[in-house]
Amino acid sequence: MSVTLKLYNTLNREKTAFQPIDADNVRMYVCGPTVYDFAHIGNARPAIVFDVLFRLLRHVYGDSHVTYARNITDVDDKINARALRDFPHLPLNDAIHAVTEKTAKQFHADVAALGCLEPTVEPRATDNIEQMVAIIEKLIGNGHAYVAEGEVLFDTRSMTDYGQLSKRPLDEQQAGIRIAVDAHKKNPGDFVLWKLSSDNEPGWESPWGRGRPGWHIECSAMSNRYLGEVFDIHGGGLDLIFPHHENEIAQSRCAHGTEVMANVWMHNGFVQVEGRKMSKSDGNFVTVNQLLATQDFGGRQWPGEILRLAMLMTHYREPIDFSIKRLEEAERLLAKWPAADASDTAPCPIIIDALADDLNTVAAVQRLHALAQEANADATLLPMFAASATLLGVLPEKTEVDEALAGAVDALVAMRLEMLKAKNFAEADRIRDELSAKGIQLKDGKDAATGERMTTWEVKR
RNA sequence: GGCCUCGUGGCGGAGUGGUGACGCAGAGGACUGCAAAUCCUUGCACCCGAGUUCGAUUCUCGGCGAGGCCUCCA
């Protein structure tokens with residue numbers, strides 16, 4: 001294991017060498033989507049960022065020695081609201097199912113288009129209710145949770161070092177400053193583990209009656225089930241640090257009696273629009289699907305590889321201002337990169353080092369671009385380029401050209417050269433335009449030895 | 001109010017106590033019948049102030065500015 005990974009850890013705000021608990025099974029958990037609506041491009045950032053990390057971990061520790069869990073939250077009051085709005089004629093459970101299935105499917109399509117590998121496991125909240133109930137029972141049993149007015153609440157005062165991740169000690173918080181504190185809470189910071197459901201809300205039987213889980217308990221239950229009580233890396237967006245991750249930590253550590261929940265906590269920065277956070281509630285968002293499939297942004301569609309590269313051109317902890325200009329730059333870069341077959345050659349060491357340094361995709365992309373230029377001039381570098389691009393998930397796909405088409409194009413190219421010799425420029429340009437319209441780009445060069453015009457062509461991407 | 005980021009050319013962004021990479025765009029040129037591609041050349045920047053120092057963009061402090069969390073949020 002010659003590569004030393006360094007990762008910035010939100011727990012101590014330091015970049016430190018990564019030491020897996022078990023190098024044979026490196027475990028990473030990333031908070032996935034709540035499936036009630038289309039994912040916007042900001043939601044896509046963690047998917048891409050941690051996909052790169054997943055690829056890097058697989059490279060370093062071996063494909064079969066990394067477990068990446070990304071959940072799907074399919075229990076949430078927003079989902080209920082959406083179900084009632086969009087499928088009022090269906091029974092509630094069917095309506096909810098319709099919403100979550102449709103949204104999850106869309107999410108998978110979006111993320112696939114962005115070049116993300118599938119996580120090792122993708123648990124759903126609804127499949128893990130039992131596990132949540134078990135953890136809640138444990139928390140009640142060991143005095144970290146209490147029942148009040150039909151809710152089960154986590155007792156934040158019962159955990160002496162609550163607030164470590166967000167550096168937000170309990171007594172310094174101004175809980176209730178912006179929302180009224182519920183009277184039944186022992187402490188303002190206490191949060192819901194389980195709440196009762198009315199007849200028109202989804203619910204599961206539990207020791208506390210028919211109800212549904214609070215938001216934070218889902219991730220504690222699922223990460224525990226698939227990765228164990230303590231695992232290596234937990235990721236998500238910056239805005240999840242508080243309260244979501246803080247509360248996950250509280251639940252998991254108090255339930256299992258562990259010192260930490262995950263060793264390394266990683267958080268990606270926001271995607272911004274005109275300097276402001278893109279968010280659903282502010283309404284200033286562009287969905288991945290809009291970018292991929294509509295002309296809503298910049299009057300055109302944007303292939304997933306462009307979106308992905310645009311994302312990787314900024315370090316994951318920095319904010320990104322999402323703009324047409326940056327997408328166009330990503331497109332220009334990609335256009336200059338050779339298409340190549342995937343290769344099992346070793347990736348460029350400079351790129352591995354860059355990624356190993358807290359996922360420095362900026363440096364990695366710059367080096368990849370240089371490597372692409374080198375490979376354009378020297379085909380023996382193509383396999384290394386391909387392997388490196390694959391590590392970043394940005395390998396341009398080789399467009400298959402069938403022989404009939406290739407033959408036809410070659411014939412037209414030859415004909416054009418004849419027209420040129422005859423100084424019939426109008427006809428030569430017509431052929432060039434005709435091919436261009438079909439997506440064939442001609443490139444005129446000079447034969448180094450003879451000085452004769454040589455024309456090559458490629459399929460435009 | 002508390003806590004946390006960040007501030008380098010048009011844009012994306014390196015970097016260092018001793019006058020600042022690189023990429024994209026721009027400009028000029030070569031090539032070309034023209035264009036594209038390619039190649040060469042090139043202009044433009046370290047938020048402000050004080051301090052430390054022989055010397056700071058880089059260190060310290062203070063401003064100013066931007067953003068985020070403290071409520072659902074990637």
Side-chain angles (χ1 to χ4, degrees), chain A residues 10 13 30-34 36-37 39-50 70 73 76-78 81 163 165-169 171-181 188-189 191 215 235-246 267-272 274-282 285 309-310 312-321 323-333 335-336 354 360-363 365-370 372-373 376-377 419-420 423-426 428-429 432-433 436 441-446 451 453 455-458 460:
Chain A
T10 307
R13 323 270 156 148
V30 174
C31 291
T34 299
Y36 70 99
D37 199 0
H40 60 61
I41 190 69
N43 300 128
R45 171 115 99 141
I48 293 171
V49 164
F50 292 104
R70 185 183 62 207
T73 296
D76 187 272
D77 288 354
K78 280 185 190 152
L165 181 70
S166 55
K167 300 239 187 293
R168 218 186 288 260
D171 44 1
E172 281 186 18
Q173 285 190 61
Q174 298 191 12
I177 190 173
R178 296 174 73 178
I179 52 162
V181 175
F191 55 91
W215 174 37
L238 213 53
D239 49 356
L240 294 183
I241 294 175
F242 190 92
H244 184 53
H245 289 166
E246 199 68 82
H267 295 95
N268 61 273
F270 296 122
V271 174
Q272 305 188 322
E274 289 171 3
R276 298 208 157 265
K277 178 186 175 186
M278 183 182 287
S279 78
K280 292 258 170 78
S281 47
D282 287 346
F285 62 91
L309 181 59
L312 297 180
M313 288 187 330
T314 295
H315 185 79
Y316 77 92
R317 284 192 276 120
E318 298 294 322
I320 294 180
D321 209 40
S323 65
I324 293 168
K325 198 166 180 171
R326 94 181 276 127
L327 292 181
E328 286 174 342
E329 180 171 345
E331 179 170 48
R332 273 187 230 98
L333 291 181
K336 290 179 184 175
N360 189 346
T361 55
V362 179
V365 166
Q366 293 218 355
R367 174 57 196 150
L368 188 64
H369 182 53
Q373 305 288 51
N376 280 329
M419 292 297 120
L420 286 173
K423 305 262 189 222
N424 186 349
F425 297 124
D429 289 353
R432 187 171 67 195
D433 292 344
S436 177
Q441 177 70 54
L442 297 189
K443 294 179 180 179
D444 287 344
K446 235 183 191 179
R453 183 195 292 250
T455 299
T456 55
W457 59 274
E458 67 179 26
K460 285 189 221 166

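When reading the values below, keep in mind they use all heavy atoms of this one structure, side chains included, and skip hydrogens, waters and symmetry mates. Chain letters run A, B, ... following the sequence lines, proteins first and then strands; every chain starts at 1.
Rounded to the nearest 0.5 angstrom, A:Ile320 CD1 and A:Met313 CE are separated by 8.5 Å. The distance from the CG atom of A:Leu309 to the CZ atom of A:Arg332 is 12.0 Å, given to the nearest 0.5 Å. To the nearest 0.5 Å, atom NE2 of residue A:His245 and atom CG of residue A:Leu240 are 4.5 Å apart. One distance of note links NZ of A:Lys78 with OG1 of A:Thr73; it measures 11.0 Å at 0.5 Å rounding. Separation of atoms NE2 (A:His40) and CZ (A:Arg45) is listed at 12.5 Å; rounding is to 0.5 Å.
A:Gly235 comes within contact range of no nucleotide atom at all, as no heavy-atom separation falls under 4.0 Å. Residue A:Gly42 is classed as a base contact, given a heavy-atom separation below 4.0 Å to a base. If you check every strand for non-hydrogen atoms under 4.0 Å, A:His40 touches a base. A:Ile241 comes within contact range of no nucleotide atom at all, as no heavy-atom separation falls under 4.0 Å. Across all strands, A:Arg453 comes closer than 4.0 Å to base atoms (heavy-atom distances). At a threshold of 4.0 angstrom between heavy atoms, the contacts of A:Ser323 with the nucleic acid are absent.
Taking every side-chain heavy atom of A:His369 into account, B:C24 is the closest of B:C24, B:G68, B:C72. Ranking B:C72, B:C11, B:C22 by closeness to the A:Ser281 side chain, first place goes to B:C72. For A:Met313, taking side-chain heavy atoms from C-beta onward, the closest of the listed nucleotides B:C24, B:G68, B:G12 is B:G12. Of the candidate nucleotides B:G68, B:A21, B:C72, B:C72 has the atom nearest to the side chain of A:Lys78. Taking only side-chain atoms of A:Asp239, from C-beta outward, the nucleotide of B:G33, B:C24, B:C69 with the closest atom is B:C69. Closest to the side chain of A:Lys277, from the set B:C22, B:C69, B:A36, is B:C69. Checking B:A35, B:G68, B:C22 against the side-chain heavy atoms of A:Phe270 singles out B:G68 as nearest. The A:Val271 side chain lies nearest to B:A74 when the options are B:C11, B:C22, B:A74. Candidate nucleotides B:A35, B:G12, B:A25 were compared by shortest atom distance to the side chain of A:Lys336, and B:A25 ranks first. Considering only side-chain atoms of A:Gln366, the nucleotide from B:C22, B:C4, B:A36 that sits closest is B:C22.
A:Arg168 contributes a side-chain N or O that forms a donor-acceptor pair with the base of B:C69 under 3.5 Å. The base of B:G23 sits within donor-acceptor range of the side chain of A:Glu329, with an N or O pair under 3.5 Å. Evaluation of atom-type donor-acceptor distances gives no pair under 3.5 Å for the side chain of A:Asp429 against the base of B:A35. Side-chain N/O atoms of A:Arg432 and base N/O atoms of B:A35 include a donor-acceptor pair closer than 3.5 Å.
When the P atom is compared between B:A21 and B:G51, the two are found 29 Å apart, to the nearest whole Å. For the P atoms, the distance from B:A56 to B:U19 is 12 Å, rounded to whole Å. Taking atom P in both B:C24 and B:C40, one finds a spacing of 11 Å when rounded to whole Å. For B:G33 and B:U42, the P atoms lie 28 Å apart once the distance is rounded to whole Å. Between B:G20 and B:U16, the two C1' atoms lie 9 Å apart (nearest whole Å). Spacing between B:U58 and B:G7 at atom P, rounded to whole Å, works out to 12 Å. Taking atom C1' on both B:C4 and B:U41, the two are 46 Å apart, rounded to the nearest angstrom. Taking atom C1' on both nucleotides, B:G28 is separated from B:G65 by 37 Å, rounded to a whole Å.
Among all heavy-atom pairs drawn from A:Val49 and A:Asn268, the shortest one is CG2-CB, 4.4 Å. The minimum heavy-atom distance between A:Ala310 and A:Leu327, with the atom names listed, is CB-CD2, 3.6 Å. Smallest separation of non-hydrogen atoms from A:Ala428 and A:Leu420: CB-CD2, 3.6 Å. The two residues A:Arg13 and A:Lys167 have their closest heavy-atom pair at NH2-CG, 3.4 Å. When all heavy atoms of A:Thr314 and A:Thr361 are compared, the pair lying nearest together is O-OG1, 3.7 Å.
Heavy-atom distances to RNA chain B give each of A:Asn43 and A:Glu328 a nearest nucleotide, and the one nearer the 5′ end belongs to A:Glu328. Comparing A:Ser166 and A:Gly236 by the nucleotide of RNA chain B whose heavy atom lies nearest to each, the residue mapping closer to the 5' end is A:Ser166.
Note: CZ (A:Arg13) to C1' (B:U5) measures 9 Å, nearest angstrom. Taking atom CZ of A:Phe191 as the reference point, atom P of B:C72 lies 11 Å away to the nearest angstrom. Rounded to a whole Å, the CD1 atom of A:Ile320 is 14 Å from the C1' atom of B:C11. The distance from atom NE2 of A:His245 to atom C1' of B:A74 is 9 Å, rounded to the nearest whole Å. What separates CZ of A:Arg332 from C1' of B:U38 is a distance of 17 Å, to the nearest Å. Following rounding to the nearest Å, A:Asp444 (CG) and B:C31 (P) show an atom-to-atom distance of 16 Å. Taking atom CG of A:Asn268 as the reference point, atom P of B:C69 lies 13 Å away to the nearest angstrom. Rounded to a whole Å, the OH atom of A:Tyr316 is 13 Å from the C1' atom of B:U5.
When the side-chain nitrogen and oxygen atoms of A:Arg45 are compared with OP1 and OP2 of B:A74, none of them lie within a distance under 4.0 Å. A close approach under 4.0 Å does occur between a side-chain nitrogen or oxygen of A:Arg276 and OP1 or OP2 of B:G68.
Pairing analysis of RNA chain B (Watson-Crick: purine N1 to pyrimidine N3 plus N6-O4 or O6-N4; G-U wobble: N1-O2 and O6-N3; both under 3.5 Å) yields stems of 3 or more pairs at B:1-7 with B:64-70, B:10-12 with B:22-24, B:26-30 with B:38-42, B:47-51 with B:59-63.
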Expected rows: protein N/O vs nucleotides 39-44 of chain B N/O, under 3.5 Å:
none

Quick one, A:Asp239 with A:Lys277, criterion side-chain contact (heavy atoms from CB on, under 4.5 Å). Give me CA distance, side-chain angles, the key distance, then yes/no. CA-CA 10 Å; A:Asp239 49 356; A:Lys277 178 186 175 186; 3.4 Å; yes
Show your working on side-chain contact (heavy atoms from CB on, under 4.5 Å) between A:Lys280 and A:Tyr36 and close with a plain yes or no. CA-CA 11 Å; A:Lys280 292 258 170 78; A:Tyr36 70 99; 3.9 Å; yes
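A:Arg168 forms a cation-pi arrangement with A:Phe242, by the criterion of a distance under 6.0 Å to the ring centre and an angle within 45° of the ring axis.
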